[in-house]
Amino acid sequence: MNLEKLKEIVRTVLPSVDVVIGYKKGLDALHPVPCFLTSPDEIDALVLNPACMHNLAAYLPSLKNRAAVVVKGCDSRTVVQLAQEGLIKRENVVVIGVPCQGAVSVRKVLSAIDHQPVIEASFENDTVVIKTKKGEARLALRDVAPDKCLACRYPTPVVADHLAGEEVEPKIDEKTAYQEIREFDARSLEERRAYWMAEFDRCIRCYACRNACPLCVCRESCIAETRDPHWMSQKATQNEKMMFHMIHAIHLAGRCTECGECERACPMGIPVARLKKKINMEMKELFGYEPGISMDDKPPMYTFKVEEEKIEEHKIR
Amino acid sequence: MIEQEYAYYSGCSLEGTASSYDRSIRLILKALGVTLREPDDWSCCGSTPAHAMDHLLAGALAARNLAIVERMETATLTTPCPACLSAFKKAHARATEDRAFKDEVNQLLDIPYEGGVKAKSTLQVIYEDVGLEAVASKVTTVLPDLKAACYYGCILSRPPRLAAFDDPENPISMDRLLAACGVEVCDFAFKTECCGAAFGVPKKEMVLRLTHKVLTMVEDCGANCVVVACPLCQQNLDLRQAQVNRAMGSSFSIPILYFSEVLGLAFGYTPEELGLDKHIVSTDALIRSRRSKEAEETVSTVKEKVKKSAAQGTAGKSGNAPGPEDTASATKEA
Amino acid sequence: MRVGVFICHCGNNIAGTVDVARAAEETAKLPHVVYSTHYMYTCSEPGQDEIKQAIKRENLDRVVVAACSPRMHELTFRRTVEKAGLNRYFFEMANIREHVSWIGEDKDLNTNKAIEAVRMAVEKVVRDKPLYSSSFKVNKRVLVIGAGVAGMQSALDCAEGGLDVVLVEKSPAIGGMMARLDKTFPTIDCSICILGPKMVDVAQHEKISLHAYSEIEEIKGYVGNYQVKVRKKTPYVDWAKCTGCGECMEKCPTKNAYDRFNFGVAPTRAINIPFPQAIPKKATIDAKFCRQIQKGKCGVCAKVCPAKAINFELQDQFVTEEVGAIIVASGYGLIDQELLPEYGGGRYPDVITGIQYERLLNASGPTSGHILRPSDKTEPKSIVFVSCAGSRDKSIGIPYCSNFCCMYIAKQAILTKDHIPDSQSFVFYMDIRAPGKGYDEFTRRAQEDYGVKYIRGRVSRIYPKGKKMIVQGADTLLGAKVEVEADLVVLATAATAAPGAAALAEKLHISYDTHGFYVESHPKLRPVETNTAGVYLAGAAQGPKDIPSSVGQGSAAAAKVLALFSRDMLESDPAIARVNQNACVGCLKCAKTCPFQAIKDEVLRGGKVVANVIETVCAGCGVCTSTCPCGAIQLQHFTDNQLLAEVNSLCLS
Amino acid sequence: METIHLTSDTLNNFASEVSEATGQDMVRCYQCGNCTAGCPYTEFFDYPVSQIMRMIQTGQREKALSSKAIWLCATCETCSTRCPCEIDVADVMDGLRNIAYREKRFTEKDIRTFYEAFLTSLRNHGRIFELEIIARYNLKSGHLLTDADLGPKVMKQLHFLPKRIKGRENVARIVKRFMEKR
Amino acid sequence: MSVVEGKELRIVGFLCNWCSYGGADTAGVSRFKQPTDLRIIRVPCSGRVDPLFVVKALISGADGVLVSGCHPRDCHYSDGNFYARRRLEMLKRFLPFVGIDARRFHYTWVSASEGQRWQQTVTDFTSLIHELGPAPLLPQNKTLPKEARA
């Protein structure tokens, strides 16, 4: 991540677009917020640091005109996926990629400093420095990185018209990327069931996960809320909570780019991203498909092969 | 592809009447670069009498050997004897398809059989794993006088479900192997007709009639020898040929060779090395005019020559018709 | 809402194992249900009247009939409710016969199951929307695939009925199998003599356009409006110029080409006209055997052709035909002798198939009607016919009976005696199947008047001995093994689906059974229809058939098409996908997955992009509905809400 | 000839007993006679194979188990190979023989004697020893001269001393355990 | 009234109209006896079966769900079952992740002529579901957790 390089790039692209989507300072250095800049004198407000978590690509589908967007490796997959599904036009988007060493999870930081109010936060190459009344805490990025970063295989954006920084080599391979899923699969059916029942039970149906999801394009038409079709009631029962999460997961089958926004947005800290990751693992296994990697892929649920190499007829026993 | 090593189960007959089968097999496989490892302390497979008496007993007797082989870490078991082969295949199939049967069998055994042994006839190994080219490349000698009827016997390729080798009605593996050695092969209709060997002792009258039928067909198809892959067939057709003649008033004098012996001759081994002297109906006349093929001569040209000599027809035939002394010797012994 | 429920006894078919009275009683208590009754035969006229009256009397606005399968009577009852003034889609059927009374033995469980079936139907029916079918124009041209006797019959009947017919035949000449036969049972009249005139009619009828030596490449569209792409295979001869003089055939130096028409009884030339009466009488080059095409040197035919018709550069050509209906008469095939190794598997020249023997008997065949055995061209004196050569043989995957073998064997045996008076024929059979008119008498004549020896038993093995073929069989009536020394053996090889039958079915979207024969819409009541509207079946493509039944089906299929075309407009099925433009987010995943490209994007005023369904093209599969994430596109009559209601009625209660 | 009374018992019991023993489905047989036609032994049988199959279908237990045919069948597999109904007929014959064995119905004494001689040799040495078998057979069967005419050269072939294997007790144990089981 | 207590379990089937529903009819016409548990929902094509219907049924208390369509290549709508195959396979692999026994959901292909195959399918699947027993119920109408109310 290189802020100066970024500003430089933004300066050059700004004239050719209606808006540039980037990050600016929020209430503190730990909470940068998205900003939409349209004139050069806003450029200096730009920030870029491991706390820049938002997936800015999420704004693209709702934008009519030409925009430039700042994306980390994970976010860049969203751009590709959206374009793949025709939800945005690639040519309408200028992609400014920022290679990423891994972000910070505010939740992890706060628990590390047991929820002291943050006075000041700064970033040195691989540590976060937090000032609180109690004094200064130095946290290794690795320890406060969100789970998705620990399993990140695309630290460098997969598409970028401009790159703000040096390419970053992925630290892990495909196998380890899905390690946690495999481990979870290894548990007994009862354990898995108990786990999710407990998690879903905490769901308050606030839909934050859905709203944060850059690929949930239904917005007000989401079948979790419509009456026609009437898939579920608004009751906060276990049934309906589970049903909602199944809908979200299955609608993202072969589409989720694992940006982790759903999980970050969840006020109850439910690991909802795992559901999608499991399906992604199967998609890779079944169709060798990974969402948001190549512009000319076809999402596997919207196509087929007459002979499916990996799908065998199931026996009842 | 060729598997370097096999567990080799010769079977009881190859220690007795069929010793030349055993000898020739070992020689040619050595020449073809295949290692045979004899399972330690193998026992009789049980053969017909066992399964006639009881499937469980048959299963156990065969499985004892399979269990031994299983512990040899050689993927495949090969045996020259179709009777042993089918005993093994039957036992293996039953044990793998029917859990209860497997348990019952293992209750009879000292070392249990887990069900991991693949069995192939040695003919199949040579035909499929080693291959025709490899065989052809080893040929050093031409056998212009042979007009072979390939006799596969009843259970080498049947029932197809179990044997899973060659064609159940018109097998061709031996025909092809011999052709690869430049030997002329006749179209023989009784390739898989049963000769009754299993009843050689208790039901002589029956067996002699069946054997006579087979030998008659051999002459009808213009062959001057029978090439077999089964010790019981050989025993029956060779040892009992004189008995057949006596019982049916015929005067056959048809040498009965093992395919491995023919390959051995083509590879340049002497009749003595191969144990041809053990045959009852003499093979001398057949192989008298065999000659080593000149270095530059390729197998294909050999085939052409053979064809030509065939075209000359009767001349060639009368040339190697059994001389009177052969018949005499055969009958004298009888 | 006021739902009426009508539970049918179907005589004892339902009432036997379902307590219909209790069912009526229980279902009366269901929400929305204001009237519930049971009736002996609801589909009968009085049964339907009962429904109509009840609709008036109880002023019902929805109707549920619990009876047989909707595949059987849905249409019947839709008409009924329509006559009573309701929208025909305000009706649902609960299948309590095929899916309940006929498969379950426990009356309590059946009754409960029936009640739940009704409950589901009620939940669905109250969510039914009124649907109105729009009508569309019919293209009154018909495509007939296959110009065998069945296909020709269809083509002629349709043409006589005033329709334009497109007739597509795979091989260079029309006539199919029947053109190869010598005589026909049980009348022994000459096959080509009765077929020839039909062939000429087909060729000359101004309403029939024939594509010989052509195959179906692709089929698009729907009933009333099909677009069919036809591949005209290149004969390497310009048929416009070819006069069929046969000069080329005379001079062609390749004398060992395989003769498809004669099933290889004798070789033919690389360029040939299949048979004297061939229609069209044009020459075709078999590229596999042509020296010019294979080795690039020869071209004799081109030199000798007086019409200069030979053109080695000629490529396949494609034409697209627009038709409103399709009759499939693609015929049958025969198994290869290779499947019968115990009979020599084709290695013995004097073991031949029934159809090959027809060619030996046939005056225009390679032996000009003299029975000469292939090996040495001598007249056989002892001939053995083997029936069920591959038929009724599970071990090679053909468990069925080939239908016509018993009869043609009897015929061939009789003809053999006529050709060679001092010959003796034997027939090995398992059962003599002669159910047709005059058929059994015919097989008796073979035995009584022509001395054909019938032996009840299967043949196990055939092998050569000297000049003879030894047929090793059994006489099970005798309980003995029998052997016959034959000069010639004729195998009644099993009939199979025509080669490529499955591929064609997939182009037509019609079903085929495990053996590749096409599946009719109802085995008894809709024998020539398929489940695809506008596609009909004729002849042996549906299953082995003899000539009379094939011709019968040919006419039947034609009648169906004529009936279909008797109207200028067809009613479209309104149960198709409909888009809720407010909910649609314009991702167009539906358009990507629609098997019929029936969905296009539409830009609304204000620039919003939404999906738009082309009514006539939509076939109503509903893939779009299960694809759409926001449920904005709904398959009418099978909407999410309707299926959810059914699920809920089963699971939530 | 006696009248056979067909009852569901006679019709089913024996068939299911044989199915039990062999895993073959008797109902499949439609009596085409292919097995009889192909069998090299039909000429020596008292009943052709297809009729044995019919006996099973119609519950003629006595007749089937006391037939010579089940003993004369050499399991050459011709019938099994060609059966259009995919019945392993040879296995059925084997099954009948097994039942007959258990019930000590030996219609073909000599064959039984030969089998026993074979098994004895097997039990004694772990492998078989052709000459011994012939010797034993001749003694037991009383056909003292069987194969005496084979001549010296053959006799030489029929091989000197039996090869006794180390594990022969262990083979004997198999046979012993089996005898206890049955 | 719902499942006959103790005797039946709740099995929901989604059958395509052209093949499997016809196959079930064929089985009926041939009087092939079957267990009575199965309730059949008729859909035009297996491609119409949104995986979420299966989920909905399983969450709402179905003990087993069976989806059956035309054999691949034999779809009345040419491609419907190809989509179904992918989506249902995805679902079958996903279900156990959230603790639902994948054996409770089976999808297969049965043509209109395969009455016997249909009987076999229903019989086997029903007996399997009876072996697995009633599906574990979800805790109903849970009150919201504290922190949510706060």
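Order of the sequence lines fixes the chain letters, A, B, ..., with proteins taken first and strands second; residue numbering starts at 1 for each chain.
- Proximity to chain A is absent for every atom of Leu88(E), based on heavy atoms less than 4.5 angstrom apart.
- With a threshold of 4.5 angstrom between heavy atoms, Ala249(A) approaches chain E through side-chain atoms but not through N, CA, C or O.
- When all heavy atoms of Met243(A) and Val55(E) are compared, the pair lying nearest together is SD-CG1, 3.9 Å.
- Ile181(A) contributes atom CD1, which lies 4.0 Å from atom CZ of Phe97(E) (distance to the nearest 0.5 angstrom).
- With contacts defined as side-chain heavy-atom distances shorter than 4.5 Å, the pair Tyr302(A)/Arg87(E) qualifies.
- Residue Glu199(A): no heavy atom, backbone or side chain, is found under 4.5 Å from chain E.
- What you find for Ile311(A) and Tyr107(E) is that their closest heavy atoms are CG2-OH, 3.5 Å.
- Contacts between residues 293-301 of chain A and chain E, defined by a heavy-atom separation under 4.5 Å, are made by Pro300(A), Met301(A).
- Of the candidates Arg192(A), Met242(A), His245(A), Met242(A) is the only one forming a side-chain contact (heavy atoms from CB on, under 4.5 Å) with Val98(E).
- Of the inter-residue distances, the one linking Ile59(E) atom CD1 with Phe244(A) atom CZ reads 12.5 Å to the nearest 0.5 angstrom.
- Residue Glu191(A): no heavy atom, backbone or side chain, is found under 4.5 Å from chain E.
- Between chain A and the residues Pro72(E), Gly61(E), Pro136(E), the largest count of heavy-atom pairs under 4.5 Å involves Pro136(E).
- Both the backbone and the side chain of Pro96(E) have a heavy atom closer than 4.5 Å to some heavy atom of chain A.
- Looking at Ser188(A), neither its backbone nor its side chain comes within 4.5 Å of chain E, counting heavy atoms on both sides.
- What you find for His106(E) and Lys315(A) is that their closest heavy atoms are CE1-C, 4.0 Å.
- Heavy atoms from other residues, nucleotides or ligands lying under 6.0 Å from CD of Gln234(A) number more than 12.
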*Could you walk me through whether Glu131(E) and Arg317(A) pass side-chain contact (heavy atoms from CB on, under 4.5 Å), step by step?*
CA-CA 11 Å; Glu131(E) 245 170 66; Arg317(A) 307 170 178 270; 3.0 Å; yes
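- Here the shortest heavy-atom pairing between Leu91(E) and Ile250(A) reads CD1-CD1, 3.8 Å.
- Between the CD1 atom in Ile316(A) and the OG1 atom in Thr123(E) there is a gap of 8.5 Å [rounded to 0.5 Å].
- The closest donor-acceptor contact from the side chain of Arg85(E) to the backbone of Lys305(A) lies under 3.5 Å.
- Within residues 209-230 of chain A, the residues having any heavy atom less than 4.5 Å from a heavy atom of chain E are, in residue-number order, Ile223(A).
- For the pair Arg93(E) (side chain) and Lys278(A) (backbone), a donor-acceptor distance under 3.5 Å is absent.
- Residues Met90(E) and Ala253(A) come closest through the heavy atom pair CE-CB, 3.8 Å.
- Contacts between Arg86(E) and chain A at a heavy-atom distance below 4.5 Å involve backbone atoms as well as side-chain atoms.
- Counting heavy-atom pairs closer than 4.5 Å to chain E, the top residue among Glu282(A), Met283(A), Glu308(A), Met246(A) is Glu308(A).
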